[in-house]
Amino acid sequence: MTIALKPPSQRRTPFRDKAGRQGLGLTILAWAIGLLFFIPFLWMVLVSFRSETDAATNPPQLLSPFSIEGYRNFFGADPWGPLLNSATASVLSTALVILLAFPAAYALSIRPVNKWQDVLFFLLSTKMLPIVAAILPIYLFAQFSGLLDNIFLLTIFYTSMNLPIAIWMLRSFLAEVPVEMIEAAQIDGANLITTLRQVIAPVVMPGIAAAALICFIFSWNELLLARVLTSTVAQTAPVYLTGFVTSQGLFLAQVCAASLVVSVPVLAAGFAAQDKLVQGLSMGAVK
Amino acid sequence: MSTEVAADAARTGAPPPAERRQSGMSEAWRRRLPLLPALIFVIVLTQLPFLGTLIVSFMNWNSYYPEDRGFTGFSNYVRVFTDVNARSAVVVTVVLTVSVVLICLVLGLLIALLLDRKFPGRGVVRTMMITPFLLVPIAAALLWKHALYNPEYGLFNGLLTLFLGDNAPQPDWVGSMPLPALIAAISWQWTPFMMLILLAGLQSRPMDVVEAARIDGASSWQIFIHMTLPHLRPYIELSVLLGTIYVVQNFDHVFTITAGATGSANLPYFVYQTFYTAQDYGRASAAGVVTVAGTLIVSMLALRTVFTVFQQESR
């Protein structure tokens, strides 16, 4: 069955049987490893649909009566505030990142400033700066300015956290835009903003989408800054989940349900745009 | 100035601007303008706080003892390097990062090679593979702590009971082996990330050359060593670099799974604890500076000497 999929040049008659067996073995291995990585997630889904008493059993039951007790408990505790805060911070900061990164990427690729490579490396080096190394002054500033527990302050810091990655990615996508297109627009008298909006943006839309996806995921996932900077009003979904850290699995089904619900936006975005995810993760550095 | 513009134009292939605008702004500044908002934003929000950390790291500042505040020179650094917990955090960070990145790289490469072949259900397997990466990190950490590692009703001990009977050993995974427990959970999450980058590399291979080599009698192993690996080099470097950046900073898993117990605190968790719980701002800052210095030295050394990924540029 696998042989039929191979190009003719690989189909050498004397080895066909051996290659076929080997191919089948590799296929089974791939499936086995894939399942191995998937099983913890699958287990999470199964446990989340159990009653709390069925969830905490040893040995595990593969199939238990279906129950939405975990989800009912999770939503009964009114998690909408944290979910909404996460959505606000992630969407707003992603928009802000793209708005700032797009012109910057232009200045680093199409009409590069002097020493543009040094600027790029500076931006990359800010990603090597662990957030913990800046967290105390950020906390003190927030406390001093009265912006502690304010979702917009968090949004600003998420923007600065993702901006370097977005610039790196967009730069490599912009480098692909044919120079002639930009020249033509400029001869027609288009200014920078018009050129960016009407000439370059439509061409690099997939790159913008990839950058936005990555920024959204990293903002949605962030825990450390959110935990230090927010408490009750501006609490994000990951901070809300920390409430389950010490619950010792007393409410295992609820823990699984909560973890799944909070992951849904990222899971959905990631599954829908798998190819863009690859481009995004590699910061456009490799294609 | 004009030679610079001409040189830039020659490099980018763009013609020199036909006509300068009459504004007083020089060409160089007009070019910088689109970059400035982003650059200023990043500098103000990352470098200024770090400068603050640097200053506080030379101060005696514990918010429980506000009257003792003042500059103390290097004493915080001395304390970081002599404090058993801080030294242990440095070691844990190195062990955690190196082992997770190595495991992810080897597994990721293996799985990428398997997924590079066409086989029935390839798309399904790929989707199953990337799921761990798409789980919110703290959700993944909760899953491992409660649903998998829990000694009483976790899946692992449940499976042991299932297969070995009622007398099966029931280890307390997190309690008895905190570091391996962390390494397994973090590797589970980051292997798909490495795999995706490496798979992109494999799929960009020029297959006609590989075919030619095969016809010339090269074995699969020879093709892998002499053709696939050299082609993958920038992809391997990139996945190692990015993997390292993210794993060094890991906070969610350490916070959730072990809470730094029994010698499993890494630097980010140690800094968080020193700052948040102990309120010792000076010592936390010194530990933060040590983290940054370590990360920067290692990654810059790698980038400048071994790595080739960012050296060839398109423009």
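Quick note on labels: first sequence line is chain A, next is B, and so on, each numbered from 1. Because the structure is predicted, anything quoted here is derived from the model rather than measured.
For A:F122, the part sitting under 4.5 Å from any heavy atom of chain B is the side chain, from C-beta outward, and nothing else. For chain A, no part of B:A284 is nearby; none of its heavy atoms comes within less than 4.5 Å. Contacts of A:F218 with chain B are made by side-chain atoms alone, with heavy-atom separations under 4.5 Å and no backbone atom involved. For chain A, the nearby part of B:F251 is the side chain; its heavy atoms alone come within less than 4.5 Å. For B:P268, the parts lying near chain A are the backbone and the side chain together; criterion is any non-hydrogen pair under 4.5 Å. Contact annotation for B:I245: only side-chain heavy atoms (C-beta onward) come within less than 4.5 Å of a heavy atom of chain A. Using a 4.5 Å cut-off between heavy atoms, B:L267 does not touch chain A at all. Residue A:V47: no heavy atom, backbone or side chain, is found under 4.5 Å from chain B. When heavy atoms are compared at a cutoff of 4.5 Å, B:S285 approaches chain A solely by way of its side chain, counted from C-beta outward. Looking at A:W31, both its backbone and its side chain come within 4.5 Å of chain B, counting heavy atoms on both sides. Heavy atoms closer than 4.5 Å to chain B are found nowhere in A:F102, neither backbone nor side chain. For B:L45, the parts lying near chain A are the backbone and the side chain together; criterion is any non-hydrogen pair under 4.5 Å. With a threshold of 4.5 angstrom between heavy atoms, A:F157 approaches chain B through side-chain atoms but not through N, CA, C or O. For A:L267, the parts lying near chain B are the backbone and the side chain together; criterion is any non-hydrogen pair under 4.5 Å. Residue A:V119 touches chain B through its side chain alone, counting heavy-atom pairs closer than 4.5 Å. Only the side chain of B:L110 comes within contact range of chain A, with at least one heavy atom under 4.5 Å from a heavy atom of that chain. For B:Y269, no part lies near chain A; criterion is any non-hydrogen pair under 4.5 Å. Interface remark: B:L113 contributes no atoms to any contact with chain A (heavy atom separation under 4.5 Å). Contacts between B:L196 and chain A at a heavy-atom distance below 4.5 Å involve backbone atoms as well as side-chain atoms. Only the side chain of A:L277 comes within less than 4.5 Å of a heavy atom of chain B; its backbone N, CA, C and O stay farther away. For a residue to count as touching a neighbouring chain, one of its non-hydrogen atoms must lie under 4.5 Å from one of that chain's; by this rule B:F275 touches chain A with the side chain only. Within the 4.5 angstrom heavy-atom criterion, atoms from both the backbone and the side chain of A:I33 approach chain B. Looking at A:L42, there are no atoms closer than 4.5 Å to chain B (heavy atoms on both sides), in backbone or side chain. Heavy atoms of B:L135 lying under 4.5 Å from chain A belong to its backbone as well as its side chain. Looking at B:Q203, there are no atoms closer than 4.5 Å to chain A (heavy atoms on both sides), in backbone or side chain.
Comparing A:L260, A:I156, A:I131, A:I167 by how many heavy-atom pairs each has under 4.5 Å with chain B, the most go to A:I156. Interface summary for chain B: among A:M44, A:M161, A:Q186, A:E180, the most heavy-atom pairs under 4.5 angstrom belong to A:M44. For the options A:G34, A:A166, A:A237, A:P40, heavy-atom pairs under 4.5 Å to chain B are most numerous at A:P40. Comparing A:I135, A:I138, A:T242, A:L36 by heavy-atom pairs within less than 4.5 Å of chain B, the highest count is held by A:T242. Here A:L100 is the residue among A:I193, A:L196, A:L100 with the most heavy-atom pairs under 4.5 Å with chain B. Note on A:A269, A:A107, A:A101: by heavy-atom pairs under 4.5 Å with chain B, the leading option is A:A107.
With no hydrogens or angles considered, a side-chain donor-acceptor pair links A:R227 and B:Y272 at under 3.5 Å. A donor-acceptor pair shorter than 3.5 Å can be found between the side chains of B:Y235 and B:S204. In this structure, a donor-acceptor pair under 3.5 Å is present between the side chains of B:T127 and A:Q274.
The heavy-atom pair separating B:Q189 from B:P132 by the smallest distance is NE2-O, 3.1 Å. B:G52 approaches A:P137 most closely through the heavy-atom pair C-CG, 3.7 Å.
Within the 4.5 Å cutoff, the side chain of A:P130 has heavy atoms near those of the B:T295 side chain. Contact of the B:F133 side chain with the B:M195 side chain is not registered, since no non-hydrogen atoms from C-beta on lie closer than 4.5 Å. For the pair B:L107 and B:S187, the minimum side-chain heavy-atom distance is 4.5 Å or more. The shortest distance between side-chain heavy atoms of A:E222 and B:P137 does not fall below 4.5 Å. Contact annotation: the side chain of A:F37 never approaches that of B:T131 to less than 4.5 Å [non-hydrogen atoms, C-beta and beyond]. When side chains are defined from C-beta on, A:N114 does not count as touching B:R31, because their heavy atoms never get closer than 4.5 Å. Between A:W220 and A:Y158 the shortest side-chain heavy-atom distance does not fall below 4.5 Å.
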